[in-house]
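Contents: one structure, followed by commentary.
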Amino acid sequence: MADSRPECSICYSTYDNVFKTPKQLDCAHVFCLECLSRLRAVSLHLKKDDITCPLCRHPTSVPDAGPPALPTCPDLLARLPTHQRWPEHVWLEGQQLCYQCPMGSAGRHSIWICVDISASAQRSPPRPSRVHRRSLGELIRLKGWKRLALLTLLMAALVCILFWQLRCAFSVSSYTCLQPDRDVTQTPAISISTFTPPPLFHQPSE
Ligand SMILES: [Zn+2]
Ligand SMILES: [Zn+2]
(Lines give C-alpha, C1' and ligand atoms only; values in the text may rest on other atoms or scores of the structure.)
(Ligands and ions follow the chains in the order given, each with its own letter.)
Protein backbone atom coordinates (compact mmCIF):
# COMPACT_ATOMS: atom_id res chain seq x y z
CA MET A 1 0.00 0.00 0.00
CA ALA A 2 2.85 2.40 0.91
CA ASP A 3 4.53 1.78 -2.46
CA SER A 4 1.47 3.02 -4.34
CA ARG A 5 1.68 6.41 -2.65
CA PRO A 6 2.46 9.17 -5.18
CA GLU A 7 5.86 10.84 -4.96
CA CYS A 8 7.45 14.05 -6.19
CA SER A 9 9.36 13.50 -9.44
CA ILE A 10 12.12 15.91 -8.34
CA CYS A 11 13.00 14.67 -4.83
CA TYR A 12 11.25 11.25 -5.00
CA SER A 13 9.68 11.89 -1.59
CA THR A 14 6.14 10.73 -1.02
CA TYR A 15 3.68 13.58 -0.86
CA ASP A 16 2.21 14.67 2.46
CA ASN A 17 0.13 17.59 3.67
CA VAL A 18 2.98 19.76 5.02
CA PHE A 19 6.24 20.51 3.16
CA LYS A 20 5.61 17.81 0.56
CA THR A 21 2.15 19.04 -0.33
CA PRO A 22 1.49 18.36 -4.05
CA LYS A 23 1.36 21.73 -5.81
CA GLN A 24 0.20 22.14 -9.38
CA LEU A 25 1.77 24.44 -11.96
CA ASP A 26 -0.06 26.08 -14.88
CA CYS A 27 1.16 23.26 -17.15
CA ALA A 28 -0.65 20.73 -14.87
CA HIS A 29 2.64 19.17 -13.75
CA VAL A 30 2.73 18.54 -10.02
CA PHE A 31 5.69 18.78 -7.65
CA CYS A 32 6.02 19.03 -3.90
CA LEU A 33 5.86 22.43 -2.20
CA GLU A 34 9.44 22.19 -0.94
CA CYS A 35 10.89 21.52 -4.41
CA LEU A 36 8.82 24.30 -5.98
CA SER A 37 9.94 26.67 -3.23
CA ARG A 38 13.57 25.84 -4.01
CA LEU A 39 12.92 26.36 -7.72
CA ARG A 40 11.30 29.67 -6.85
CA ALA A 41 14.37 30.69 -4.79
CA VAL A 42 16.62 29.85 -7.75
CA SER A 43 14.36 31.85 -10.07
CA LEU A 44 14.54 34.84 -7.73
CA HIS A 45 18.31 34.43 -7.59
CA LEU A 46 18.32 34.62 -11.41
CA LYS A 47 15.98 37.65 -11.16
CA LYS A 48 13.04 35.76 -12.69
CA ASP A 49 9.60 36.25 -11.25
CA ASP A 50 8.06 32.92 -12.23
CA ILE A 51 8.76 29.21 -11.82
CA THR A 52 9.89 27.31 -14.91
CA CYS A 53 8.55 23.76 -14.95
CA PRO A 54 11.52 21.33 -14.84
CA LEU A 55 9.67 18.93 -17.16
CA CYS A 56 8.18 21.12 -19.90
CA ARG A 57 9.86 24.52 -19.26
CA HIS A 58 6.46 26.22 -19.09
CA PRO A 59 6.55 29.33 -16.87
CA THR A 60 4.09 29.69 -13.99
CA SER A 61 3.60 33.00 -12.23
CA VAL A 62 3.87 32.73 -8.45
CA PRO A 63 1.34 34.45 -6.12
CA ASP A 64 2.54 37.12 -3.69
CA ALA A 65 2.39 34.66 -0.78
CA GLY A 66 4.86 32.44 -2.63
CA PRO A 67 4.70 28.75 -3.60
CA PRO A 68 2.48 27.82 -0.59
CA ALA A 69 -0.28 29.80 -2.33
CA LEU A 70 -0.03 27.70 -5.50
CA PRO A 71 -3.06 25.43 -6.06
CA THR A 72 -2.90 22.05 -4.35
CA CYS A 73 -3.53 19.05 -6.58
CA PRO A 74 -6.78 17.52 -5.23
CA ASP A 75 -6.34 14.17 -7.02
CA LEU A 76 -2.97 13.48 -5.41
CA LEU A 77 -4.16 14.75 -2.03
CA ALA A 78 -7.06 12.27 -2.19
CA ARG A 79 -4.57 9.40 -2.63
CA LEU A 80 -2.78 10.26 0.63
CA PRO A 81 -3.56 8.52 3.95
CA THR A 82 -6.73 9.78 5.60
CA HIS A 83 -4.94 11.91 8.21
CA GLN A 84 -2.98 13.74 5.47
CA ARG A 85 -5.83 14.64 3.14
CA TRP A 86 -6.26 18.16 4.54
CA PRO A 87 -3.31 20.46 3.69
CA GLU A 88 -1.69 22.10 6.73
CA HIS A 89 -0.97 25.82 6.80
CA VAL A 90 2.59 26.30 5.53
CA TRP A 91 3.94 29.76 4.92
CA LEU A 92 7.07 31.41 3.59
CA GLU A 93 9.19 33.06 6.30
CA GLY A 94 12.01 34.79 4.44
CA GLN A 95 14.14 31.97 3.02
CA GLN A 96 12.31 29.29 5.00
CA LEU A 97 9.13 27.29 4.69
CA CYS A 98 7.48 27.15 8.10
CA TYR A 99 4.79 25.02 9.68
CA GLN A 100 3.25 25.36 13.14
CA CYS A 101 3.08 21.84 14.52
CA PRO A 102 0.60 21.33 17.41
CA MET A 103 2.08 19.46 20.39
CA GLY A 104 0.40 17.42 23.11
CA SER A 105 -2.91 15.59 23.08
CA ALA A 106 -4.98 18.76 23.42
CA GLY A 107 -2.72 20.72 21.06
CA ARG A 108 -2.13 23.41 23.71
CA HIS A 109 1.53 23.83 22.79
CA SER A 110 3.00 24.14 19.35
CA ILE A 111 6.43 24.30 17.74
CA TRP A 112 7.56 25.84 14.50
CA ILE A 113 9.20 23.52 12.02
CA CYS A 114 11.09 25.37 9.29
CA VAL A 115 12.93 24.17 6.20
CA ASP A 116 15.62 26.25 4.49
CA ILE A 117 14.73 26.67 0.82
CA SER A 118 17.25 29.36 -0.10
CA ALA A 119 19.20 29.08 -3.36
CA SER A 120 22.44 28.60 -1.38
CA ALA A 121 20.83 25.78 0.63
CA GLN A 122 20.58 23.75 -2.58
CA ARG A 123 24.34 23.55 -2.85
CA SER A 124 24.88 22.73 0.81
CA PRO A 125 23.59 19.10 0.92
CA PRO A 126 26.45 17.60 -1.16
CA ARG A 127 29.07 19.20 1.11
CA PRO A 128 28.59 16.86 4.11
CA SER A 129 28.89 13.81 1.86
CA ARG A 130 32.12 15.15 0.36
CA VAL A 131 33.50 15.89 3.82
CA HIS A 132 32.38 12.44 4.93
CA ARG A 133 34.15 10.83 1.97
CA ARG A 134 37.31 12.80 2.70
CA SER A 135 37.26 11.85 6.36
CA LEU A 136 36.70 8.20 5.41
CA GLY A 137 39.65 8.38 3.02
CA GLU A 138 41.81 9.87 5.75
CA LEU A 139 40.70 7.12 8.10
CA ILE A 140 41.62 4.47 5.52
CA ARG A 141 44.97 6.18 4.99
CA LEU A 142 45.54 6.31 8.75
CA LYS A 143 44.71 2.63 8.99
CA GLY A 144 47.20 1.97 6.17
CA TRP A 145 49.91 3.93 8.00
CA LYS A 146 49.13 2.09 11.21
CA ARG A 147 49.35 -1.23 9.40
CA LEU A 148 52.67 -0.22 7.84
CA ALA A 149 54.01 0.92 11.21
CA LEU A 150 52.92 -2.33 12.85
CA LEU A 151 54.48 -4.40 10.05
CA THR A 152 57.78 -2.51 10.24
CA LEU A 153 57.81 -2.88 14.02
CA LEU A 154 57.16 -6.62 13.73
CA MET A 155 59.85 -6.98 11.05
CA ALA A 156 62.33 -5.03 13.18
CA ALA A 157 61.52 -7.21 16.19
CA LEU A 158 62.00 -10.39 14.13
CA VAL A 159 65.31 -9.13 12.72
CA CYS A 160 66.49 -8.21 16.23
CA ILE A 161 65.56 -11.65 17.60
CA LEU A 162 67.24 -13.44 14.68
CA PHE A 163 70.35 -11.28 14.96
CA TRP A 164 70.54 -11.84 18.71
CA GLN A 165 70.14 -15.61 18.32
CA LEU A 166 72.76 -15.77 15.56
CA ARG A 167 75.13 -13.72 17.70
CA CYS A 168 74.50 -16.11 20.58
CA ALA A 169 75.08 -19.12 18.34
CA PHE A 170 78.48 -17.84 17.15
CA SER A 171 79.69 -16.96 20.62
CA VAL A 172 80.61 -19.91 22.89
CA SER A 173 79.43 -18.48 26.18
CA SER A 174 75.99 -17.54 24.99
CA TYR A 175 75.39 -20.63 22.83
CA THR A 176 72.97 -21.72 25.55
CA CYS A 177 70.53 -18.95 24.61
CA LEU A 178 69.48 -20.97 21.56
CA GLN A 179 68.31 -23.87 23.74
CA PRO A 180 67.00 -22.40 26.97
CA ASP A 181 65.43 -25.71 28.16
CA ARG A 182 68.73 -27.54 28.03
CA ASP A 183 70.62 -24.62 29.56
CA VAL A 184 68.92 -25.08 32.89
CA THR A 185 69.96 -28.75 33.01
CA GLN A 186 73.43 -28.14 31.64
CA THR A 187 74.48 -25.25 33.83
CA PRO A 188 73.80 -27.01 37.18
CA ALA A 189 75.65 -30.12 35.90
CA ILE A 190 78.66 -27.98 35.09
CA SER A 191 78.47 -26.23 38.42
CA ILE A 192 78.18 -29.52 40.32
CA SER A 193 81.09 -31.05 38.43
CA THR A 194 83.19 -28.01 39.14
CA PHE A 195 82.20 -27.90 42.76
CA THR A 196 82.55 -31.63 43.56
CA PRO A 197 86.28 -32.10 42.87
CA PRO A 198 87.61 -29.77 45.57
CA PRO A 199 86.03 -31.66 48.52
CA LEU A 200 87.18 -34.99 47.01
CA PHE A 201 90.71 -33.70 46.78
CA HIS A 202 90.52 -32.11 50.19
CA GLN A 203 89.06 -35.09 52.07
CA PRO A 204 91.88 -37.57 51.38
CA SER A 205 94.48 -34.97 52.21
CA GLU A 206 92.89 -34.36 55.61
ZN1 LIG B 1 9.92 17.33 -4.24
ZN1 LIG C 1 5.28 21.34 -16.85
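Heads up: numbering here begins at 1 and tracks the sequence. Both counts, for ligands and for their atoms, begin at 1 and track the order of listing.
- Under the 3.5 Å distance criterion, with hydrogens and angles disregarded, a donor-acceptor pair is assigned to the side chains of T72 and K23.
- Rounding to 10 degrees, one finds that the Zn ion (ligand 1) sits at the corner of an angle of 110° between C32 SG and C11 SG.
- Q100 and S110 share a side-chain donor-acceptor pair at under 3.5 Å.
- Take a cut-off of 2.8 Å around the Zn ion (ligand 2): the protein N, O or S atoms inside it are C27 SG, H29 ND1, C53 SG, C56 SG.
- Ring-plane geometry between H89 and W91 is classed as parallel, the angle between the planes falling under 30 degrees on a 0 to 90 degree scale with a further cut at 60.
- Looking only at distances, a side-chain donor or acceptor of R5 sits under 3.5 Å from a matching main-chain atom of Y15.
- The closest donor-acceptor contact from the side chain of R85 to the backbone of L80 lies under 3.5 Å.
- In this structure, C11 and C32 have their SG atoms no less than 2.5 Å from one another.
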